[in-house]
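Comments concern the structure below.
Whatever order the structure lists them in is the order used to number ligands and atoms, beginning at 1.
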Amino acid sequence: MQIGGVQLVDFRSYRTLQVDPAARLNLLSGPNAQGKTNLLEALGMLVTGRSFRTARVAEVPRWGAETATLSGELVRAEGGSETRRTVRRSIVRGGDGAWSLGGEGAPPWARAIAFGWQDLEIVNGAPGARRNFIDGSAGRLFPTHLATLVRFRQILARRNRVLQAHRADPALAARLEPWNEQLAAVGMELIDRRRKGVASLQTELARVYASLAETRSKVEIRYRTVLGEAAEPAALLGALERSHREERRRGQTLVGPHRDDLAIEIDGADARTFGSRGQQRLVALALRLAEVLPVTEAVGTPPVLLLDDALSELDPRIRGHVLRELAGAEQVFLTTPEPLAVPGAAVYHVNGGGITAA
Ligand SMILES: Nc1ncnc2c1ncn2[C@@H]1O[C@H](COP(=O)(O)OP(=O)(O)OP(=O)(O)O)[C@@H](O)[C@H]1O
Ligand SMILES: [Mg+2]
């Protein structure tokens, strides 16, 4: 898919902006703090209805503005025909002072995959960053995944409340029983989709990484849970029962998808511990790019790629490989603080809230 005819009003540093991006690689270059990431954020929000940068929508409207609006066309080309949908979204302040995002939803095939400096955490950060990565990625493949995640978190919070409030109660196990059933059922559903999501990334990840690094090195990912390969809610139920004493002592739920992780290995060595900084960045980028094919197969059109400063910290040879890989993608937005010449790319200079096509 592609984004066309974008208009922003009072979005971050932009008072008004109109841009008609090219269907292929769009290079957004300009000095620091000029609005490159802001524009990527706007494009992502147009497609997905969420910011990849912040969960607080209040940060997005231009300081002092009453409303922020964004609109654009989402285009899907198949064979000789084209489907076009105009999407309009606005961020407005309600009577209670709270900001909310409204507007028409994008079509079911609209997908954007964003990469930014925070993604290094997928490789070298805490397990939570990897769980977020798997959930985001599974959510692009299975649209109900995020709703399941929300339900799981509600059940988990309630179960933890029971654990904390009744730690000394001899009948604690009986009190937990109804929550155990729910946690096991929804938890296993979550684990199942995460495993499927990880499995669908595997092959592409190995291909993309080998192509970007131009090496025979193999990157592998594996979903890690104490449940091993088990796929039945009964397995999670059993694990909860086995950790009952420890849960009572600590007052929290100790097994389930909220404790799982993703193993990321380069030639069998943990990328978090042994990867060089450049390798870690490249693995993070490869993880995002590995989503392109499975998402394309799932929704029937390639996702838009929003790559924020994806070339930094990479050596010139690897940069070249990244650009070669991107040449095969559909629409791509790539920001860079340095001037960059890429044959065939549309180049825009971003400078202080304005954009000029080069
Ligand atoms: N809600 C807002 N209203 C007005 N300006 C904002 C708002 N949020 C951020 N900004 C401005 O946008 C600027 C950052 O823009 P952005 O993050 O897009 O820069 P960038 O071009 O990506 O820079 P870098 O190369 O450093 O990543 C900040 O310096 C800030 O002044
Ligand atoms: Mg930036």
Side-chain angles (χ1 to χ4, degrees), residues 3 6-19 21 25-72 89-94 97-103 112-122 125 129 277-278 280-282 284-285 288-289 304-314 319 322-323 326 331-342 345-358:
I3 306 174
V6 178
Q7 294 199 25
L8 307 181
V9 178
D10 290 332
F11 187 100
R12 294 267 189 195
S13 51
Y14 296 101
R15 192 177 287 273
T16 61
L17 179 76
Q18 289 200 23
V19 52
L25 176 60
N26 294 274
L27 276 179
L28 308 171
S29 74
N32 295 136
Q34 300 303 310
K36 300 182 299 293
T37 304
N38 293 347
L39 178 55
L40 285 195
E41 181 186 31
L43 297 170
M45 228 165 162
L46 186 70
V47 176
T48 67
R50 318 157 51 111
S51 164
F52 59 74
R53 209 184 200 184
T54 177
R56 288 180 297 271
V57 76
E59 290 174 14
V60 169
R62 196 171 60 84
W63 298 320
E66 285 304 308
T67 316
T69 58
L70 44 168
S71 66
R89 300 186 192 273
S90 53
I91 298 151
V92 292
R93 208 205 290 255
W99 293 89
S100 62
L101 175 82
I113 294 175
F115 172 84
W117 58 269
Q118 323 83 294
D119 287 352
L120 189 59
E121 290 211 345
I122 300 170
R277 172 103 183 169
Q280 292 179 343
R281 260 196 87 101
L282 200 62
L285 179 60
R288 293 294 187 198
L289 297 180
V304 167
L305 293 178
L306 306 171
L307 310 178
D308 201 10
D309 216 357
L311 301 179
S312 78
E313 296 187 294
L314 303 177
R319 286 180 176 203
V322 173
L323 292 170
L326 296 182
Q331 193 180 36
V332 182
F333 295 85
L334 175 64
T335 70
T336 153
E338 301 142 29
L340 191 69
V342 183
V347 180
Y348 301 88
H349 292 297
V350 182
N351 217 317
I355 289 189
T356 44

Closer than 2.8 Å to the Mg ion (ligand 2), how many protein N/O/S atoms do you count?
1
Have a look at Leu8 and tell me which of Leu39, Asn38, Thr69 forms a side chain to side chain contact (heavy atoms under 4.5 Å, CB included) with it.
Leu39
Would you please name every residue forming a salt bridge (charged side-chain N to carboxylate O under 4.0 Å, His left out) with Arg281, sequence neighbours left out?
Glu313
Tell me the salt bridge (charged side-chain N to carboxylate O under 4.0 Å, His left out) pairs involving residues 40-49, sequence neighbours left out?
Arg12-Glu41, Glu41-Arg53
Separation between CG (Leu326) and CG (Leu285), nearest 0.5 Å, reads 7.5 Å
Does Arg50 reach the main-chain N or O of Ala55 with its side chain, forming a donor-acceptor pair under 3.5 Å?
no
Can you name the residues that come within less than 4.0 Å of ligand 1, going by heavy atoms only?
Arg12, Ser13, Pro31, Asn32, Ala33, Gln34, Gly35, Lys36, Thr37, Asn38, Arg53, Glu59, Val60, Pro61, Arg62, Trp63
Straight-line distance of Ile91 CD1 to Leu70 CG, nearest 0.5 Å
6.0 Å
Kindly compute the distance separating CG (Leu306) from CZ (Phe115), expressed to the nearest 0.5 Å.
12.5 Å
Once rounded to the nearest 0.5 Å, what's the spacing between atom CH2 of Trp99 and atom OG1 of Thr67?
6.5 Å
Start with the C-alpha gap between Val6 and Ser71, add the side-chain angles, then the distance that decides, and say whether side-chain contact (heavy atoms from CB on, under 4.5 Å) holds.
CA-CA 6 Å; Val6 178; Ser71 66; over 6 Å; no
